[in-house]
Amino acid sequence: MQRHGPGSTAAPRMRVTGLLLLVAHLLIVGWLTLRPRTVPWVPAANLEPLATIRAELAHGVSWDAVQHLGGSVLLLAPLGVLLPLSAGRLNVSPLVSLTRTVFAGAMIALAIELLQSGVPGRVPDIDSVLLGALGVALVHLAVVPGARSRLRRRYERLGDTTPKIPRVGVARQADVLTGSRTYL
């Protein structure tokens, strides 16, 4: 079995686990955000960045504002860990990893908002995209660099424990052409 060290990708089992968790999370997010709602009235779509956030905070920090803004941050936050886990790379620049993960999270949030425009009772909001990308970035920064460094150290320790047999030398040369058999 080939051992995957820090120079290559993580073990395939880890990547498959990451992909399965990523698909499960996206299915749950899709179910939560793309179900039709029966409401008597819906506001207009918000395409002005930070307008919803300002409106929520204009009345002061209330429990409803915290729930609305915090829910938008937490909805896609697990992608900050699941996207790098499904990629399986250990030796990646932290800035490149953060950029790649936040971009992918923002594109997923944008796709959800675009799909919501066709769902009855749902209203697209650009601030949900911004808050979702913020949640992805915060979780990525909090978890991924430390986890990668621990995995790199673990693989380095495993690489140092290869068994060494100290008294192995070259076997004595056998004389093949001796004896009663001659091939010439």
Side-chain angles (χ1 to χ4, degrees), residues 4 6-37 45-57 61 63-155:
H4 296 278
S8 64
T9 60
R13 188 174 23 184
M14 187 181 301
R15 290 186 71 187
V16 169
T17 303
L19 284 171
L20 289 175
L21 289 173
L22 178 66
V23 168
H25 178 70
L26 290 176
L27 286 173
I28 291 169
V29 167
W31 182 76
L32 288 173
T33 59
L34 299 176
R35 287 183 308 170
R37 292 190 310 184
N46 174 32
L47 300 178
E48 180 185 342
L50 305 177
T52 305
I53 297 171
R54 270 188 254 129
E56 290 283 347
L57 297 177
V61 179
W63 180 246
D64 291 334
V66 170
Q67 277 184 320
H68 182 260
L69 298 177
S72 295
V73 169
L74 293 177
L75 183 66
L76 295 178
L79 294 179
V81 174
L82 294 176
L83 288 170
L85 180 65
S86 63
R89 295 186 180 112
L90 289 179
N91 284 335
V92 179
S93 165
L95 182 62
V96 171
S97 176
L98 177 68
T99 305
R100 190 182 300 149
T101 303
V102 171
F103 179 75
M107 290 299 108
I108 291 170
L110 182 63
I112 288 170
E113 292 301 317
L114 289 175
L115 289 171
Q116 277 185 348
S117 65
V119 177
R122 299 287 181 169
V123 179
D125 186 1
I126 193 68
D127 290 337
S128 295
V129 175
L130 297 175
L131 291 171
L134 175 68
V136 169
L138 290 175
V139 168
H140 182 85
L141 286 172
V143 175
V144 172
R148 278 192 176 141
S149 68
R150 279 193 299 273
L151 284 172
R152 280 193 299 265
R153 279 189 303 232
R154 179 179 169 202
Y155 281 123

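Heavy atoms only: backbone and side chains are in, while hydrogens, waters and symmetry mates are out. Counting begins at 1 with the first residue of the sequence.
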Item to check | Atom of Leu83, atom of Ala104 and distance for their closest heavy-atom approach | outcome: CD1-CB, 3.7 Å
Checklist entry - Which pair of non-hydrogen atoms, one from His25 and one from Leu82, has the smallest distance, and what is that distance? => result CB-CD1, 3.8 Å
Next on the checklist: Restricting to non-hydrogen atoms, name the atom on Leu130 and the atom on Pro49 that form the minimum distance, rounded to 0.1 Å.
Outcome noted: CD1-CB, 4.2 Å
Could you list the donor-acceptor pairs under 3.5 angstrom formed between side-chain atoms of residues 109-126 and any protein atom two or more places apart in sequence or on another chain?
unit_1: Glu113; atom_1: OE1; unit_2: Asp125; atom_2: N; d: 2.8
unit_1: Gln116; atom_1: NE2; unit_2: Thr33; atom_2: O; d: 3.0
unit_1: Ser117; atom_1: OG; unit_2: Leu114; atom_2: O; d: 2.6
unit_1: Arg122; atom_1: NE; unit_2: Thr33; atom_2: O; d: 3.4
unit_1: Arg122; atom_1: NE; unit_2: Arg35; atom_2: O; d: 2.9
unit_1: Arg122; atom_1: NH2; unit_2: Leu32; atom_2: O; d: 3.0
unit_1: Arg122; atom_1: NH2; unit_2: Arg35; atom_2: O; d: 3.3
unit_1: Asp125; atom_1: OD1; unit_2: Asn46; atom_2: ND2; d: 2.6
unit_1: Asp125; atom_1: OD1; unit_2: Thr52; atom_2: OG1; d: 3.2
unit_1: Asp125; atom_1: OD1; unit_2: Asp127; atom_2: N; d: 3.2
unit_1: Asp125; atom_1: OD2; unit_2: Thr52; atom_2: OG1; d: 3.0

Item to check | Which atom of Gly105 lies closest to which atom of Val136, heavy atoms considered | outcome: CA-CG2, 4.2 Å
Next on the checklist: When you compare the side chain of Thr101 with that of Leu79, does any pair of heavy atoms fall below 4.5 Å?
Outcome noted: no
Checklist entry - Is there a side-chain contact between Val29 and Ile108, using heavy atoms and a 4.5 Å cut-off? => result no
Item to check | Side-chain donor/acceptor of Ser149 to backbone N/O of Gly146, under 3.5 Å | outcome: yes
Checklist entry - Given side chains that start at C-beta, do those of Leu20 and Val23 come closer than 4.5 Å, heavy atoms only? => result no
Item to check | Spacing of OG1 belonging to Thr17 relative to CZ belonging to Arg15, to within rounding of 0.5 Å | outcome: 11.5 Å
Next on the checklist: Nearest 0.5 angstrom please: Ser93 OG to Arg100 CZ, how far?
Outcome noted: 9.0 Å
Next on the checklist: Measuring from atom CG of Leu19 to atom OG of Ser86, what distance do you get when rounded to the nearest 0.5 angstrom?
Outcome noted: 5.0 Å
Checklist outcome for this item: Nearest heavy-atom contact between Ser128 and Ser72 is OG-OG, 4.1 Å
Checklist outcome for this item: CD1 of Ile28 to CG of Leu75, rounded to nearest 0.5 Å, is 10.5 Å
Next on the checklist: Test of understanding: with side chain to side chain donor-acceptor pair (under 3.5 Å), list the residues that count as partners of Ser97, not counting sequence neighbours.
Outcome noted: His140, Arg148
Item to check | Which atom of Arg152 lies closest to which atom of Asn91, heavy atoms considered | outcome: CD-OD1, 2.8 Å
Checklist entry - Does a side-chain heavy-atom distance below 4.5 Å link Leu98 with Val144? => result no
Item to check | Rounded distance (nearest 0.5 Å) linking atom CG of Leu90 with atom CZ of Arg150 | outcome: 12.5 Å
